[in-house]
Amino acid sequence: MNKEIVDGLVSIIMPSWNTAQFISESIQSVLNQTYKHWELIIVDDCSTDHTDDIVKRFDDDRIRYLKNEKNSGAAITRNRAIYESKGEWIAFLDSDDLWLPEKLEKQITFMKKHNYKFSYHEYVKIDEESKPLNIYVSGPEVITKHKMYNYGYPGCLTFMYSAKEYGVIQIKDIKKNNDYAILLKLCKKQNCYLLKENLAEYRIRKVSISHDKLKKKLKSHYDLFHYCDDKSALVALWYAIWNLFYGVLKKIRYEKKI
C-alpha cells in the first residue's frame, strides 16, 4: 500500500485497554521527549474504565485518540494504529510503560549514524507504583533472523523501524505474542541492532498465578509460529519449545540486578 510518509516524523503506536491507572504517566513520558517531531496514535480497545477522561486531559495536536467499535484484541488494535501512521519511523509504547526523555533522540541518531533500519535498546523494570525493581535488561548486539526465531529479545517499548524500508506492517489476529509477530516480520528483511543504553521503563503488573502457566505459554508460542508465521504444526511446536528454553537463557545472560 502506498501512503504518505512524513520525513523525520516518529509514529508512536500505543494500544490501550483499561489502563487509566497508568496511561497518563505513559503519555507524559512521550510529551517529555527531547525529540519533538512525533505523533502519538492511541487506539483504545473499548476500555470500561475512565481511560477516555484521562486521555482527553492532554491538549496536544500530536496526540490522536481513536476507539475501536468493538473489543478486538491487541493485534487488531496495533494494526489499526500502524495503518493510521504517517511517520518515517515507527516506535511502540504500551499504555503502562515509560520512556526516558532522550529515547527518541538517541535512538534516531543511532540509526541514522549507522544506516540501520531496525533497532532496539536496553531498559529497566518498575512495579505498579513506578518504583524500580533494580533489574536491567539487555540483549544481543545484533539479532539475526535465526536469533529472533530463538527468542523475541527486543521489548515492545524499545524497538523502532523505518517505515520507508518496511511499509505498512500488519499481523494476523493472535491474542498473545502480537508484538513478537511484528518482530518476526521485521527480522526477515533486516537485522536488529542494539543501542547499549537504558532508555525505557517496563512495568511489571501483578497477575494471578496459573497452575498451567507453562502450558498456556507453550500454546501461545505455538499459535504464533503456526497461525501467524505459517509454519507447519511440527516446526511450530519445535520453535515453541525452543523459545521457552531461550527464554530461560535470556534471563540468565541478559537480565541483571543493579
Side-chain angles (χ1 to χ4, degrees), residues 3-105 107-108 123 125-131 155-161 163 168-171 173 175-176 178-179 182 199-207:
K3 60 181 292 186
E4 175 191 3
I5 292 181
V6 179
D7 288 344
L9 180 68
V10 181
S11 293
I12 303 161
I13 308 304
M14 181 181 286
S16 69
W17 183 74
N18 287 351
T19 53
Q21 179 183 353
F22 309 110
I23 195 169
S24 177
E25 198 174 358
S26 298
I27 294 172
Q28 190 60 52
S29 78
V30 175
L31 291 169
N32 291 344
Q33 291 299 301
T34 56
Y35 187 90
K36 301 300 183 183
H37 193 26
W38 51 260
E39 62 172 354
L40 174 59
I41 306 171
I42 305 171
V43 179
D44 184 74
D45 196 23
C46 300
S47 291
T48 56
D49 60 7
H50 58 290
T51 296
D52 278 2
D53 297 330
I54 299 295
V55 176
K56 287 175 182 176
R57 294 175 191 170
F58 291 91
D59 184 18
D60 193 302
D61 291 340
R62 295 171 296 178
I63 300 174
R64 299 165 60 193
Y65 186 49
L66 309 174
K67 293 178 67 67
N68 291 339
E69 293 183 1
K70 63 178 182 178
N71 184 263
S72 304
I76 300 301
T77 302
R78 280 201 177 99
N79 279 348
R80 183 181 179 188
I82 294 170
Y83 186 86
E84 294 283 344
S85 68
K86 298 178 180 178
E88 177 182 359
W89 306 99
I90 307 295
F92 298 82
L93 180 65
D94 284 349
S95 52
D96 53 357
D97 294 330
L98 306 173
W99 282 347
L100 301 189
E102 293 184 315
K103 178 264 189 337
L104 291 180
E105 181 179 356
Q107 192 165 13
I108 290 171
Y123 64 93
K125 295 183 179 182
I126 58 175
D127 66 12
E128 288 191 333
E129 284 73 46
S130 300
K131 295 177 182 177
C156 187
L157 71 169
T158 72
F159 71 88
M160 180 187 293
Y161 67 88
V168 180
I169 295 288
Q170 299 281 273
I171 57 173
D173 183 15
K175 300 307 177 187
K176 294 185 177 182
N178 43 84
D179 52 340
I182 296 172
L199 295 173
E201 296 176 330
Y202 174 74
R203 193 182 305 276
I204 301 296
R205 296 168 64 180
K206 296 174 184 176
V207 293

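Numbering starts at 1 and runs along the sequence shown.
A donor-acceptor contact shorter than 3.5 Å links the side chain of N71 to the backbone of D45. Remark: the backbone N or O of A20 is paired with a side-chain donor or acceptor of D49 at under 3.5 angstrom.
For E25, the side chain to side chain contact (heavy atoms under 4.5 Å, CB included) criterion is met by L98, S130, R203, not counting sequence neighbours. With sequence neighbours excluded, the residues satisfying side chain to side chain contact (heavy atoms under 4.5 Å, CB included) with I108 are V10, Y35, W89, K112, M160.
Ring geometry for F159 versus F92: interplanar angle of 30 to 60°, hence tilted.
Here R78 contributes atom CZ and I76 contributes atom CD1; the two are 12.0 Å apart, rounded to the nearest 0.5 Å. Going from atom SG of C156 over to atom CD1 of I13 covers 10.0 Å, rounded to the nearest 0.5 Å. Taking CG of N79 as the reference point, atom OG of S72 lies at 10.5 Å (rounded to 0.5 Å). Distance check: Q21 CD to E129 CD gives 7.5 Å after rounding to the nearest 0.5 Å.
Contact of the D97 side chain with the Y123 side chain is not registered, since no non-hydrogen atoms from C-beta on lie closer than 4.5 Å. Under the 4.5 Å side-chain criterion, counting only non-hydrogen atoms from C-beta, S95 is not in contact with T51. Considering only heavy atoms from C-beta on, E201 comes within 4.5 Å of L100 through its side chain. Counting heavy atoms from C-beta outward, D94 and L157 have side chains that stay 4.5 Å or more apart. By the 4.5 Å heavy-atom criterion applied to side chains, K103 and Q33 are counted as neighbours.
A side-chain N or O of Y65 and one of D52 form a donor-acceptor pair less than 3.5 Å apart. Residues T48 and N18 bring a donor and an acceptor atom of their side chains to less than 3.5 Å of each other.
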Before giving the answer on salt bridge (charged side-chain N to carboxylate O under 4.0 Å, His left out), spell out for D173 and K175 the whole-Å C-alpha distance, their side-chain angles and the decisive distance to 0.1 Å.
CA-CA 7 Å; D173 183 15; K175 300 307 177 187; 3.7 Å; yes

Passes salt bridge (charged side-chain N to carboxylate O under 4.0 Å, His left out), E84 versus R64? Steps please.
CA-CA 10 Å; E84 294 283 344; R64 299 165 60 193; 3.2 Å; yes

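Contact check on D44 versus R80 returns no salt bridge, with no Lys/Arg side-chain nitrogen under 4.0 Å from an Asp/Glu carboxylate oxygen.
Within 6.0 Å of NZ on K86 lie no more than 12 heavy atoms contributed by other residues, nucleotides or ligands.
Considering every non-hydrogen atom in both V6 and E4, the closest pair reads CG2-OE2, 3.7 Å.
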